Student: 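Okay, handing you the structure first.
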Amino acid sequence: MTALHLRGVVLPEDEPRDLWVVNGRVRTTPVPNADTVFDDGYLVPGLVDAHCHIGIGIYGPVELDEAARQAETDRDAGALLIRDCGSPLDTRPLQERLDLPRIVRAGKHLSRPKRYIARLGVEIDDPADLPAAVRAQAEDGDGWVKLVGDWIDRSIGDLAPLWPDDALVAAIDAAHDAGARVTAHVFGEDALPGLINAGIDCIEHGTGLTPDTIDAMAARGTALVPTLANTENFPGIAESAGKYPAYAKHMLALHARARQTVAAAIEAGVPVYAGTDAGGGIDHGQLAEEIIALAGSGFGPVRAIGAASWSARQWLGWPSLTEGAPADLVGYESDPRHNMDILRTPRRVVLRGRVVR
Ligand SMILES: [Zn+2]
């Protein structure tokens, strides 16, 4: 394979420098006879979509060929490392395709009967069985397990936690013993203390965060992936929940303060990362929109881009563009720190050392 050469400002740095790529890895010292594929612009370590669903479409689970197209769409938008936050589909065959983004699989969502979207996850009748189910998903996945933390309880007519605190403690301990981290879907307030105190590693959405639970996350270093694009769907969810007025009102209230909630979490020092929730009612390939939304919610451009690149890579255990690192990077014509719109149109995408765009 021919060596590649790229020259540009490597974010978050300020001065241009040269990079070479040999056998899929970054080299920082000159390599002779390299083919220059990028020579004047801005380079960003491969973008990370920290909340994505490869294998879920608008109408539910999809087949592998459609899942591959979803992954291609995300890749062309610059997302080269995807934390798949739960999928009904076994996407391991996609991990073998060198032209598709790296996928960190969380396996299947763990929920209870009638307490999540039908057909997507594993439904557990008795919460006492949660630790065993978590162990099974930890063995099957790539280091993450996804719980549904709360959902509408139709007998109450509002959001409510799925799991008692003791089941969460045992389940999260089981995951950690198996070397996996745990995250949970949470919209409301009430499920958060139990999850955070049980030592969960990350919260998805987190629209119900309050000053107390924000402080608890900051103290423990619990991450937050706020999926701001998803929260824009809350008014629609409320509108279609006619039989459950308390739930509808709750969703509208969570939506109304969603941006403030994220800003408060950022301000408190909660580690926040970019996730689109593609597949969860959101189209694939929208990572730029999430970065721009995060920038406007208290992060500013540099940290928002980091939340979808170098910071998120470090959190997931992947290096950025250092000597010997995997050559996954995205090139832009102008500086996305000053013109965030350019994030929508990557000029060059290099994945595993190959030019894919
Ligand atoms: Zn999701």
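Since the structure is predicted, the reported quantities are computational estimates derived from the model, not experimental observations. Quick note: numbers below take in every heavy atom, side chains included, and nothing from hydrogens, waters or symmetry partners. In what follows, residues are counted from 1 in the order of the sequence shown. Both ligands and their constituent atoms are indexed starting at 1 by order of listing.
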Student: Check Leu4, Val350, Leu43 against Leu19 for a side-chain contact (heavy atoms from CB on, under 4.5 Å) and give me the one that passes.
Tutor: Leu43
Student: If you consider just the N/O/S atoms, which atom of His53 is the closest one to the Zn ion (ligand 1)?
Tutor: NE2
Student: On the 0 to 90° scale, with breaks at 30° and 60°, tag the Trp315-Tyr273 ring pair as parallel, tilted or perpendicular.
Tutor: parallel
Student: Quick check: does His185 put an N/O/S atom under 2.8 Å from the Zn ion (ligand 1)?
Tutor: no
Student: Examine all N, O or S atoms of His205, backbone included, and report whether one is under 2.8 Å from the Zn ion (ligand 1).
Tutor: no
Student: Is it true that Glu289 and Arg344 make a salt bridge, defined as a side-chain N closer than 4.0 Å to a carboxylate O?
Tutor: yes
Student: Counting only N and O atoms by type, is there a donor-acceptor contact under 3.5 Å from the side chain of Thr276 to the main-chain atoms of Ala278?
Tutor: yes
Student: Any N/O/S of Asp277 under 2.8 Å from the Zn ion (ligand 1)?
Tutor: yes
